[in-house]
Structure formats: C-alpha cells, structure tokens
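Below: the structure, in structure tokens.
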Amino acid sequence: MTRYLRLGVNIDHVATIRNARGGLHPDPVRAARLAAQAGADGITAHLREDRRHISDEDIDRLTREIDLPLNLEMAATQEMLRIALRHRPHAACIVPEKREEVTTEGGLDAHGGRTHLKAYVDDLKAAGIRVSLFVDPDPLQLDAAMALGAPVVELHTGAYCESFLHDQGGPATRAGFAKLENAAAHAEAIGLECHAGHGLTFDTVGPVAAIPTLVELNIGHFLVGEAIFSGLDSAIRRMRALMDKARAEIHGAKGA
Ligand code: PXP
C-alpha cells in the first residue's frame, strides 16, 4: 500500500526577506501558521551557524506557537546540539554546512563522517528527537546512515532539480531521477524511512512524489518565491495538490 506523503514547508526564506531589512516583517512564524492552514504536515527550519535567515528566537517561537511538528535542520556542531536538546523539536535533520555556500550544496558524508556523527545521532535519539541525515542518493551513504542508527534519511534532490533546469526531462534529468528512485528503494530494503527535498518546484515534484516509498518532502525556496506571484497559501495548496495527484496516479497505474 502506498503511504501518505507528508509535506514539510521550509520557511527559511521568509526569514531571508525579513533579514534583508533587519525588522520583523515578514514573520516566518506567521508563514508557518499559514502553511498549517494550507495543508502542510510539518514546518522545517534551518538554524544556520551564521544565522543568515532563521534566528534563535524564530526557533523558540516555532516550538512554542506552532502546533505542527517542527523539523530542525542543523549542522553537527555542539552549539546546534545544545539548541536542539533545549527545544526538543519533533525531528532534527543533520545537514552539512559550510559558511561560504549559498545553500546546502550536497549531502552529508555519513560514510566518511561516521565517527563524528555517531554521538550527535545518539544524543538526539536519546532525547526522543527523530533524527534524519540529509544525504545524496547514494546507497553507500544510506548504508552508513543505517550503521549510525539514524532511523530516517532525507535524499538530496538538488542534482535532479538542477538537471531539470538544463534539459527539462532529458537524459540528465532521467539519470538524476533514477538515482533518487534507486536510493529510495535501497532505503526501504534496509529499513530506513525515506524523505526527500531541495530545489523542488511545481515542475519537478511530480515524479519524486510518485516514488511510493517516500513519506515526506521538504520544500521551501520555490514556495516562498512563488508566494510573491500567487500568495503562500495558493503556492502550498498547489504543491500539495501536485503531490496528491502523483500519489493517486501510482494507484491508477496499478489499477487500484
Ligand atoms: N531539505 C533540506 C535538508 C534542506 O537543507 C533544504 C534547504 O534548506 C530543503 C530540504 C529545502 O530546499 P528548498 O528550499 O530548495 O526547497
């Protein structure tokens, strides 16, 4: 049976716009409230080391004021671990972080970083926080995540989405997508819950949402950008509808 596909709305870039002027508007917590009404199943926020968008106060308010589960994206640092343990979000997604990068440019090296990551996974799990590792769609990384005891992986969809920009569904898009499909199947086979995200748009979400073993997509930048043209509520509702359509078509294809 195909599982329900949750939508986590990432509100980082509402904070990016707010921070451009240093004031209080637009308020990411207000965006989170609106996302809940528009059909989001969770809120995702990345507290970066340089606080370029989400602030400590945003995390504090999101945990106190929003009823939806919060997925805190965090680097594997002692500072972020302390913050996660203080706020105890529903979930924490460990991501690689470099100050000079514009966004999270690739997955975590769960394989190479085993020794460093183990204590973070253990401490977050011990606090009852659902831990995921943001990794490239590479079976080696999934095996490493499993060995680390992470119950969840989030597959980085950035390369697939980037390829779509260049060839709109051509060979590079198909190759990127095949990696996601294979990785999702591998995650299922070894017993990992599988999520996906990064760079997803109305054009790229459908095939990803149709991967039946995925249970959550996290989407942010495109939704906040699209909100400029159609409003955040409408952008989220349309994304949700595209995800639901893709899921319904899996059933259709199987004659269910
Ligand atoms: N998932 C993870 C782990 C991320 O780091 C990000 C970006 O912060 C996203 C999903 C959402 O990516 P985007 O903003 O491109 O939709």
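Positions are given from 1 along the sequence.
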Worked check of salt bridge (charged side-chain N to carboxylate O under 4.0 Å, His left out) between Arg82 and Asp123: CA-CA 10 Å; Arg82 273 194 301 277; Asp123 288 356; over 6 Å; no

Minimum heavy-atom distance between Leu148 and Asp122, given as atom pair plus value: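 What the structure gives for the nearest pair is O-OD1, 4.4 Å.
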
Over all atoms of both residues, closest heavy-atom pair of Cys161 and Gly199: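 Result for this residue pair: SG-O, 3.3 Å.
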
His46 side chain near Glu97 side chain, heavy-atom distance below 4.5 Å: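 His46 reaches Glu97 side chain to side chain.
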
Side-chain heavy-atom pair Val215, Arg6 within 4.5 angstrom cut-off: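 Yes; the side chains approach each other to less than 4.5 Å.
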
Worked verdict on Glu216 versus Arg130 for salt bridge (charged side-chain N to carboxylate O under 4.0 Å, His left out): CA-CA 13 Å; Glu216 181 173 308; Arg130 187 199 69 193; 3.8 Å; yes

Would you confirm whether [X], through its side chain, and [Y], through its main-chain N or O, come within 3.5 Å as a donor-acceptor pair?
{"X": "Thr204", "Y": "Leu200", "value": "no"}
{"X": "Tyr160", "Y": "Ala178", "value": "no"}
{"X": "Lys125", "Y": "Gly149", "value": "yes"}
{"X": "Arg174", "Y": "Gly169", "value": "yes"}
{"X": "Thr63", "Y": "Asp60", "value": "yes"}
{"X": "Arg33", "Y": "Pro28", "value": "no"}
{"X": "Glu65", "Y": "Val29", "value": "no"}
{"X": "His116", "Y": "Ala76", "value": "yes"}
{"X": "Gln141", "Y": "His111", "value": "yes"}

Please check if the number of heavy atoms outside [X] that lie under 6.0 Å from its [atom1] is greater than 12.
{"X": "Arg21", "atom1": "CZ", "value": "no"}
{"X": "Glu57", "atom1": "CD", "value": "no"}
{"X": "His25", "atom1": "NE2", "value": "no"}
{"X": "Lys118", "atom1": "NZ", "value": "yes"}
{"X": "His87", "atom1": "NE2", "value": "yes"}

Quick check on the hydrophobic clustering: are [X] and [Y] connected, directly or via other members, by side-chain heavy-atom contacts under 4.5 Å?
{"X": "Ile190", "Y": "Ile211", "result": "yes"}
{"X": "Leu140", "Y": "Leu192", "result": "no"}
{"X": "Leu47", "Y": "Val131", "result": "yes"}
{"X": "Leu7", "Y": "Leu5", "result": "yes"}
{"X": "Ile129", "Y": "Phe134", "result": "no"}

Gap between atom CE of Met80 and atom CG of Leu85 - 0.5 Å precision: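 Spacing of CG (Leu85) from CE (Met80) equals 12.5 Å.
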
Salt-bridge present ([X], [Y]; N to O < 4.0 Å):
{"X": "Arg3", "Y": "Glu193", "result": "no"}
{"X": "Arg86", "Y": "Asp56", "result": "no"}
{"X": "Arg51", "Y": "Glu79", "result": "yes"}

Partners passing salt bridge (Lys or Arg N to Asp or Glu O under 4.0 Å) against Arg237 (at least two apart in sequence or in another chain):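 With sequence neighbours excluded, Arg237 shows a salt bridge (Lys or Arg N to Asp or Glu O under 4.0 Å) to Asp233, given in chain and number order.
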
Geometric class of the His13/His53 ring pair [parallel <30°, tilted 30-60°, perpendicular >60°]: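 Because their plane-to-plane angle is over 60°, the rings of His53 and His13 count as perpendicular.
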
Side-chain H-bond candidate by donor/acceptor type, His186 with Asp143, under 3.5 Å: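 Present: a donor and an acceptor within the cut-off.
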
Pair Thr44, Asn10: side-chain N/O donor-acceptor within cut-off below 3.5 Å: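 On atom types as modelled, these side chains do not qualify, holding no pair under 3.5 Å.
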
side-chain contact (heavy atoms from CB on, under 4.5 Å) evaluation trace for Leu180 with Leu214: CA-CA 10 Å; Leu180 291 170; Leu214 288 181; over 6 Å; no

